[in-house]
Amino acid sequence: MALPKTDKIWMDGTLVDWDKAQVHVLTHALHYGSGVFEGIRCYETADGPAVFRLTEHMQRFARSASMLFMELPYSVEEMVEAVKETIRVNKLQSCYIRPLAFRGYGVMGLDPIPAPVQVIIAVWPWETYMGAEALTKGVDVGISSWRQRGINSLPPAIKATGNYLNSSLARIEANRHGYNEAILLNEEGKVCEGTGENLFIVRDGVISTPPVSDGLLEGITRDSIMVIADNLDYPVIEESLVRTDLYTCDEMFMTGSAAELVPVRSVDGHVIGDAGPITLELQRIFFRVVHGEEPDFEDWLARV
Ligand code: PPE
């Protein structure tokens with residue numbers, strides 16, 4: 001994705017010009033992948049911009065950092081305020097938000113603890129992740145030959161920058177094979193997630209998604225969809241899935257902050273078909289929720 005420039009980036013507590021938000025080439029994270037990040041969306045509503053589940057995202061950010069013994073110099077509350085301030089100063093109605101904490105410049109070597117920790121928050125307009133058509137027409141996905149790492153090696157639960165090298169390998173392969181996205185299995189062959197999305201299937205009216213213990217990021221969109229589905233009285237379960245479950249399901253979709261809710265049209269060439277009725281209903285309500293049109297879900301919106 002070509003990155004659209006905005007005005008200011010929040011960097012270690014101050015707002016700096018986009019072009020001046022720079023680091024040294026010997027920054028620890030550049031060499032060892034020692035960073036954690038978040039991806040969040042801010043949506044336009046009738047009452048101005050609102051960030052979707054901001055506190056939950058910043059709590060996950062703090063948990064990711066803590067699992068890597070990375071001490072963040074800011075509290076969750078301070079970072080929540082910093083996100084709002086960054087959106088306000090850039091005068092955006094809607095945007096994608098990228099908080100990143102990383103080990104900075106000053107030491108080399110694999111003991112990262114002595115390296116200083118830096119935090120940045122950048123915002124930019126990011127319309128759709130897989131293209132506008134993907135949201136209505138769905139995407140074609142393939143099972144990757146790359147596996148999700150086990151929960152005892154670079155745990156997928158930590159949203160660490162280094163983890164995404166594995167996702168990138170899967171994404172490159174998927175693109176080369178003509179798919180829009182890859183699905184990763186874990187070492188036992190259970191279905192995990194996409195390169196940057198969780199996944200759901202629908203079978204006989206029951207919605208299911210793999211459990212976090214199968215090795216995946218506990219997505220905030222995933223949680224939101226489970227709550228919305230439950231509210232609509234659809235049965236929702238967490239269960240381990242294998243690749244043939246994907247070949248035979250009635251509907252399938254993927255969720256993520258960047259991707260939102262994208263229907264899946266085919267898996268490994270097995271056609272599931274156009275977005276199904278439950279997928280479309282969940283997508284419709286999800287977009288109403290994020291745009292502040294569902295009063296019951298107002299708690300999920302942080303007004304800028
Ligand atoms: N799994 C992975 C591996 C993942 O990266 C994401 C988010 C999810 C699941 C869904 O989590 P959530 O956003 O909380 O519902 N991926 C972020 C980064 C995407 C990117 O291309 O960069 C995102 O969606 O912001």
Side-chain angles (χ1 to χ4, degrees), residues 1-4 33 35-43 51-64 83 94-100 102 120-131 134-135 139 141 144 146-151 154-172 174-175 180-186 190-200 209-229 238 241 253-262 264 282-283 286-287 289-290 300:
M1 181 212 58
L3 193 53
V36 297
F37 70 101
E38 272 303 317
I40 317 170
R41 272 189 189 272
C42 171
Y43 290 92
V51 183
F52 188 60
R53 304 195 71 177
L54 176 56
T55 298
E56 291 91 323
H57 276 282
M58 299 322 281
Q59 284 168 339
R60 187 173 67 185
F61 187 58
R63 284 199 304 273
S64 291
V83 166
S94 64
C95 58
Y96 182 74
I97 303 154
R98 171 56 57 85
L100 169 74
F102 60 99
I120 67 103
I121 298 163
V123 298
W124 63 82
W126 199 351
E127 293 309 328
T128 52
Y129 190 62
M130 302 201 203
L135 289 178
V139 292
V141 307
S144 184
W146 297 100
R147 294 295 171 100
Q148 179 71 293
R149 306 157 316 282
I151 47 179
L154 280 183
I158 307 178
K159 202 167 166 61
T161 56
N163 282 6
Y164 284 80
L165 276 176
N166 201 52
S167 280
S168 287
L169 278 173
R171 185 64 153 265
I172 291 167
N175 290 348
N180 303 104
E181 176 57 306
I183 304 291
L184 289 127
L185 309 179
N186 65 21
K190 302 283 169 48
V191 172
C192 288
E193 56 184 346
T195 63
E197 311 85 11
N198 293 118
L199 71 84
F200 288 81
T209 190
V212 174
S213 53
D214 278 346
L216 43 103
L217 183 72
E218 192 166 2
I220 290 166
T221 322
R222 173 184 179 275
D223 176 72
S224 308
I225 293 301
M226 288 166 72
V227 172
I228 290 171
E238 291 180 84
L241 300 172
F253 58 89
M254 306 182 82
T255 62
S257 300
E260 303 173 303
L261 193 161
V262 177
V264 174
L282 292 170
Q283 192 192 56
F286 175 75
F287 281 121
V289 168
V290 299
W300 282 352

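We count ligands from 1, going down the list as the structure has it; atoms in each ligand are counted the same way. Everything quoted here is computed from the prediction, not taken from an experiment.
At a threshold of 4.0 Å, the pair Arg98-Glu38 does not count as salt-bridged, since none of the basic side-chain nitrogens sits closer than that to a carboxylate oxygen. Ion pairing of Arg222 with Glu193 is absent here, as no side-chain N (NZ or NE/NH1/NH2) approaches a carboxylate O to less than 4.0 Å.
Every protein residue with a heavy atom nearer than 4.0 Å to ligand 1 is included here: Gly39, His57, Arg60, Tyr96, Arg98, Tyr129, Lys159, Tyr164, Glu193, Thr195, Gly196, Glu197, Asn198, Leu217, Gly219, Ile220, Thr221, Thr255, Gly256, Ser257, Ala258.
Between the CD1 atom in Ile183 and the CG atom in Leu199 there is a gap of 5.0 Å [rounded to 0.5 Å]. Rounding to the nearest 0.5 angstrom, the gap separating the OG1 atom in Thr221 from the CZ atom in Phe52 is 6.5 Å.
With sequence neighbours left out, the ring pair (Phe, Tyr, Trp, His ring centres under 6.0 Å) criterion links Tyr96 to Trp124, Trp126.
At distances below 3.5 Å, at least one donor-acceptor pair connects side-chain atoms of Asn198 with backbone N or O atoms of Gly219.
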